[in-house]
Number of protein chains: 2
Amino acid sequence: MTKKLAKSAISQKRVLDAAAKIFRDNGYAGTTMRMIADEADLKAGSIYYHYESKDELISAVLDLGIHAVIETVKAALDALPSDASGRQRVETAIRAHLSAIIDNGDYTLATRRVFGQVPKPIREKNQRLRSSYATMWQGILMDAQKRGEFRSDTDLSLARLFILGALNWTVEWFKPGGRSIDEVARTFSGVVIDGLVTDSGMMTTTKAQPPSKQKAAPRTPRIRAL
Amino acid sequence: MTKKLAKSAISQKRVLDAAAKIFRDNGYAGTTMRMIADEADLKAGSIYYHYESKDELISAVLDLGIHAVIETVKAALDALPSDASGRQRVETAIRAHLSAIIDNGDYTLATRRVFGQVPKPIREKNQRLRSSYATMWQGILMDAQKRGEFRSDTDLSLARLFILGALNWTVEWFKPGGRSIDEVARTFSGVVIDGLVTDSGMMTTTKAQPPSKQKAAPRTPRIRAL
DNA sequence: TTAAAAACCTAACACTAGTTAGAAAATCAA
DNA sequence: TTGATTTTCTAACTAGTGTTAGGTTTTTAA
């Protein structure tokens with residue numbers, strides 16, 4: 001009875017996608033309703049049939065961006081066996097997060113670039129969503145630390161900020177056709193979990209060990225390329 | 001003979017600082033000359049005595065931001081003994097980079113948020129500076145890898161992107177009065193170089209090892225707090 | 001086919017943007 | 001104190017902003 005929104009829903013999504021793309025390239029104030037309308041094959045006035053203001057548009061872009069990430073990561077974690085290790089959970093979350101932000105690149109980039117410039121109430125509403133996501137990550141890391149998988153001398157709040165900061169930065173340089181998401185996720189997990197350093201450590205300044213002589217894939221089987 | 005620029009230089013710097021702060025909070029298009037003028041205790045028209053356009057202003061902010069970082073990091077690396085280890089170099093670069101971007105927080109944040117929205121020629125000019133900085137980091141990482149200090153199975157281009165992405169993100173959450181720069185730099189170096197994982201590795205799912213039982217500071221002496 | 005509902009467009013509104021020309025004030029050299 | 005130079009201000013211009021009211025077209029339901 002109350003479900004016929006056919007064309008309207010399509011246009012609404014088209015406008016939102018257009019908005020994300022334009023906000024991404026021009027920032028909050030630099031984006032005009034006329035630009036968005038152009039991108040969505042509409043006239044500026046018509047946008048107001050779907051969204052009641054520019055602020056509601058940016059708010060929707062912001063919320064949808066983080067929401068997509070939360071759902072993707074949650075689903076990936078839920079699909080893990082309940083006895084999965086901390087390492088597996090972190091690797092999984094990293095890959096899912098990467099997937100989500102790259103699939104929704106326009107939204108993620110728009111958010112990244114526009115977040116600090118948006119009217120305060122909108123920003124605060126979106127911030128609540130982001131905080132809940134941060135809490136989820138914090139849980140994963142703390143779990144692994146409590147189990148003894150992760151070192152106990154690492155401030156996990158800081159670690160989380162590093163990880164999410166680095167992850168979100170990928171959308172700035174990731175180009176389809178270049179390195180695959182899997183490749184990036186693996187390398188990133190490797191750096192974060194095992195570090196850059198060789199397993200043998202580095203206490204003295206030795207002369208160039210033959211680098212070929214190292215076990216290439218230590219713990220989790222490290223599938224090479226794909 | 002050609003050096004008397006006294007008051008002019010002061011005003012010029014004041015305008016630039018004001019511009020960085022306003023660009024930071026409002027983005028490129030959202031920043032008006034009148035806002036900058038207000039922040040610098042001037043009238044909008046007067047800015048044009050020092051800078052010939054809004055574009056020249058943003059360009060100056062962008063360039064100065066990255067320039068400060070380059071100089072600081074270079075100086076810190078040059079101060080190291082020539083036989084310094086890769087680990088030392090990376091730790092030093094991380095700390096210097098953090099110092100620089102936090103000291104110039106307005107410029108760094110402005111750059112982060114505005115870079116993608118700025119007219120193309122300006123962005124490309126600034127990109128050249130940033131690329132040279134990236135090359136420098138790449139050199140540090142590759143050196144350490146060649147010496148055998150860093151694992152050979154890590155894609156260092158990706159690693160560099162992660163490191164710089166995470167580092168630059170710190171300005172978004174760092175608050176003076178909270179954790180010190182040293183603290184942040186140490187934790188960050190720890191995660192990136194040694195990883196999150198305990199030295200003992202994690203091949204099976206063991207029941208909660210007593211976390212207190214770990215050697216707290218493995219390689220480089222890890223000074224706790226300060 | 002017809003009339004109502006949904007989707008879109010046009011034209012305008014009050015307001016603010018970057019920029020400039022020329023006048024006024026502040027500073028400096030003599 | 002002068003007069004010249006440097007620095008700042010005032011007032012204005014054109015162009016473009018988000019938003020809206022009311023009219024047109026398209027779609028839908030009968």
Side-chain angles (χ1 to χ4, degrees), chain A residues 1-23 25-62 110 114 117-123, chain B residues 1-62 110 114 117-122:
Chain A
M1 305 230 172
T2 52
K3 43 136 186 174
K4 60 166 60 171
L5 20 131
K7 182 167 184 203
S8 181
I10 294 176
S11 293
Q12 207 166 330
K13 173 66 169 160
R14 207 179 57 225
V15 169
L16 199 61
D17 285 347
K21 191 188 241 177
I22 304 293
F23 276 126
D25 291 335
N26 301 93
Y28 176 69
T31 292
T32 73
M33 299 302 265
R34 287 162 180 87
M35 291 179 186
I36 298 177
D38 256 30
E39 178 76 26
D41 268 314
L42 274 180
K43 298 299 170 182
S46 309
I47 295 182
Y48 288 83
Y49 182 78
H50 302 284
Y51 297 91
E52 71 176 13
S53 69
K54 186 182 175 183
D55 281 359
E56 197 196 318
L57 254 180
I58 187 63
S59 183
V61 169
L62 256 43
V114 145
Q117 311 161 13
V118 128
K120 210 173 181 186
I122 298 175
R123 189 172 50 223
Chain B
M1 305 217 171
T2 52
K3 45 136 187 182
K4 60 167 60 171
L5 19 130
K7 181 168 185 205
S8 181
I10 294 175
S11 293
Q12 207 164 332
K13 174 65 170 161
R14 207 179 57 224
V15 168
L16 199 61
D17 286 346
K21 190 188 242 177
I22 305 294
F23 276 126
R24 175 195 67 165
D25 291 335
N26 301 93
Y28 175 69
T31 292
T32 74
M33 299 302 264
R34 287 162 179 87
M35 291 178 187
I36 298 177
D38 257 29
E39 178 77 27
D41 268 314
L42 274 179
K43 298 298 168 183
S46 308
I47 295 182
Y48 289 83
Y49 182 78
H50 302 284
Y51 298 90
E52 72 175 12
S53 70
K54 186 182 176 183
D55 281 0
E56 198 196 315
L57 254 180
I58 187 63
S59 182
V61 168
L62 256 43
V114 143
Q117 310 162 12
V118 127
K120 211 174 179 185
I122 297 175

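Lettering follows sequence order; numbering is per chain, from 1.
Look at CE on B/M33: it is 21 Å from P on D/dA12, rounded to the nearest Å. Computed from coordinates, the B/I47 CD1 to D/dT8 C1' distance equals 12 Å when rounded to whole Å. In this structure, A/Y48 atom OH and D/dT17 atom C1' are separated by 9 Å, rounded to whole Å. Protein atom CG of B/D41 is 15 Å distant from nucleotide atom C1' of D/dT7, rounded to whole Å. Residue A/I10 contributes atom CD1, which lies 18 Å from atom P of D/dT26 at whole-angstrom precision. What separates NZ of B/K43 from P of C/dT19 is a distance of 19 Å, to the nearest Å. The NZ atom of A/K54 sits 12 Å away from the C1' atom of D/dG16 (whole-angstrom rounding). In this entry the distance linking OH of A/Y49 with P of D/dG22 reads 18 Å, nearest Å.
A salt bridge is defined here as a Lys NZ or Arg NE, NH1 or NH2 lying under 4.0 Å from an Asp or Glu carboxylate O, and B/D38 with B/R34 fails to meet this definition.
Across B/E56 and B/Y51, no two heavy atoms sit closer than the pair OE2-CD2, 3.7 Å.
A donor N or O paired with an acceptor N or O is found under 3.5 Å between the base of D/dG18 and the side-chain atoms of A/R34.
Distance from the side chain of B/A44 is smallest for C/dT19 among the nucleotides D/dT8, C/dT19, D/dT19.
Contact annotation: B/S46 reaches the phosphate of D/dC9 (side-chain N/O to OP1 or OP2, under 4.0 Å). Of the side-chain N and O atoms in A/S11, none sit less than 4.0 angstrom from OP1 or OP2 of C/dA7. Distances shown here put every side-chain N or O of B/S53 at or beyond 4.0 Å from the OP1 or OP2 atom of C/dG18. The shortest distance between the side-chain N/O atoms of B/H50 and the OP1/OP2 oxygens of D/dT6 is not below 4.0 Å.
Using a distance-only test at 3.5 Å, with no hydrogens or angles considered, a donor-acceptor pair links the side chain of A/T31 to the main chain of A/I22. Side chain of A/R14 to main chain of A/A40: a donor-acceptor pair is present (N/O by atom type, distance under 3.5 Å, no hydrogens or angles).
Cation-pi contact between B/K54 and B/Y28: present, with separation from the ring centre below 6.0 Å and deviation from the ring axis of at most 45°.
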